[in-house]
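Read through the structure below, which is laid out as structure tokens, and then see the notes.
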Amino acid sequence: MINKLWVGLIVLGSLCLLVTGKSDVLNEQILSSGKATLELVMQIFPLMSLWLGIMNIAKESGLLSKLSKFIYPLLHKIFPEIPKNHEAFGFISSNILSNMFGLGNAATPFGLKAMESLQKLNKNKEVASRSMITFLVINTCGLCIIPTTIISLRILYGSEDPSFIAIPCFVVSLISLLFGLLIDRLWSRRDRR
Amino acid sequence: MRIISSLFIPVIVLVVIIYGAYKKINVYDSFVSGAKEGLPMVSSMFFSLLAMIFGVNIFLNSGIIDYFFDFLKPLLVLIHVPAEVLPVAIMRPLSGSFGLALLNDMYKLYGPDSFISVLASIIQGSSDTTLYVITLYFGTVGIKKIKYALWVGLFTDLFMVVLTLIIVPLFF
């Protein structure tokens, strides 16, 4: 799937650039994507390590398992395959909470820890498990109470009410999250057959 | 709202550290050994991200999307969808920074409080960069077969755009 998409993106983009005679742009894109990726990763790296450190304290002190216990009844219906009080629930809820408050920097390491613990439960290490897909559907929906980047952009351009968009954003992302979970469930049933 | 969000980080950090000290674990060592996991994580995410950014950048900078929109514009006018919003909608699952750049242009052109800008803001704010999330998370833990994950993600994004087009006029 990703494989086909990747080939498609590159072949379509390159052909379009070559036909319109902009091979210099193509050259530039090929040579600059490494640097762009490194810059992105370098932006993520320091804060991610910081949050992983904080997270480890929470894990070793037992705070994370408390959170897991607390959140279990809520998330159990969405993730029926994760055993009761498993650490994955703690990571998943930390990830969702950070996303909701617009803290992308913290959400990423928590999400990766969640994926690692889901991978431990996964039987076939190369194939995505159902819980993993459900977790990613939640993440791609980007449920958010405070869309920080957009609000700051609106302030920058002198909006009269910069945070007005927060409520419609939350309503729209909540409804699409429910929709996402629904079709995820339907798809996984079809997939198992 | 903003006070809650600015207090969120300090409160969490404090609660975690104080609770750790209260439970008599070595908070410092625990922090360092946790932070160390950051390095293997970034090194395993780097290569899948490189591949995806490479592909997405060639595609987005090729101008192919502009041709596509010119072709689609008359159709959108027919169903009363403002054509300017479509690039934002298509960009949203592909690239976070491109989407934000488009939003920036729209604010500059139409002002941040215009109907079109609000529409675009909500499309931008009600979803995450699906392709990036999938590449990052599956790539880092080494999943090769992602099954139906991308389909569900993109389908939900499409649903989100349609929903925005229906809901936002209610706020005006």
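Note: hydrogens, waters and symmetry copies are ignored here, and every other heavy atom, side chains too, is used. Lettering follows sequence order; numbering is per chain, from 1. If you're wondering where the values come from, they're calculated on a predicted model, not measured in any experiment.
The contact between Met160(B) and chain A is made by backbone and side chain atoms together, counting heavy-atom distances below 4.5 Å. Interface remark: Ile64(B) contributes backbone and side-chain atoms alike to the contact with chain A (heavy atom separation under 4.5 Å). The part of Tyr67(B) that comes within reach of chain A is its side chain, from C-beta onward, which places non-hydrogen atoms under 4.5 angstrom from that chain. The parts of Leu136(B) that come within reach of chain A are both its backbone and its side chain, each placing non-hydrogen atoms under 4.5 angstrom from that chain. Heavy atoms closer than 4.5 Å to chain A are found in both the backbone and the side chain of Ile146(B). At a 4.5 Å heavy-atom cutoff, the contact between Ala51(B) and chain A is made by backbone and side-chain atoms alike. Contacts of Asp157(B) with chain A are made by side-chain atoms alone, with heavy-atom separations under 4.5 Å and no backbone atom involved. Only the side chain of Leu131(B) comes within less than 4.5 Å of a heavy atom of chain A; its backbone N, CA, C and O stay farther away. Residue Leu50(B) touches chain A through both its backbone and its side chain, counting heavy-atom pairs closer than 4.5 Å. Of the two parts of Val168(B), neither the backbone nor the side chain holds a non-hydrogen atom closer than 4.5 Å to a non-hydrogen atom of chain A. For Thr140(B), the part lying under 4.5 angstrom from a heavy atom of chain A is the side chain only. Looking at Val32(B), there are no atoms closer than 4.5 Å to chain A (heavy atoms on both sides), in backbone or side chain. Heavy-atom distances place both the backbone and the side chain of Leu38(A) under 4.5 Å from chain B. For chain A, no part of Tyr22(B) is nearby; none of its heavy atoms comes within less than 4.5 Å. Looking at Lys36(B), there are no atoms closer than 4.5 Å to chain A (heavy atoms on both sides), in backbone or side chain.
Within the 4.5 Å cutoff, the side chain of Leu26(A) has heavy atoms near those of the Ile58(B) side chain. Side chains of Ile143(B) and Asn122(A) form a contact here, defined as non-hydrogen atoms less than 4.5 Å apart.
The NZ atom of Lys23(B) sits 15.0 Å away from the CD1 atom of Ile57(A) when rounded to the nearest 0.5 Å.
The number of heavy-atom neighbours closer than 6.0 Å to CZ of Phe115(B), taken from other residues, nucleotides and ligands shown, is above 12.
In this structure Phe98(B) satisfies the ring-ring contact (aromatic ring centres under 6.0 Å, His included) test with no other residue, sequence neighbours excluded.
In summary, the side chains of Ser33(B) and Asn56(A) do present a donor paired with an acceptor at a separation below 3.5 Å, with no hydrogens or angles considered. When only modelled atom types and interatomic distance are considered, Ser159(A) and Asp113(B) share a side-chain donor-acceptor pair under 3.5 Å.
Under 4.0 Å is where a charged nitrogen must lie from a carboxylate oxygen, and between Glu37(B) and Lys113(A) at least one such pair does.
Taken together through direct or relayed side-chain contacts under 4.5 Å among Ile, Leu, Val, Met, Phe, Trp and Tyr, Ile17(B) and Leu14(B) form parts of separate hydrophobic clusters.
Between chain B and the options Ile150(A), Ile10(A), Val41(A), heavy-atom pairs under 4.5 Å are most frequent for Ile150(A).
Residues of residues 88-96 of chain A lying under 4.5 angstrom from chain B, judged on non-hydrogen atoms, are Asn95(A) in numerical order.
A distance-only check finds no donor-acceptor pair linking the side chain of Trp187(A) to the backbone of Tyr148(B) [under 3.5 Å]. Proximity of a side-chain donor or acceptor of Gln119(A) to a complementary backbone N or O of Val141(B) within less than 3.5 Å is detected.
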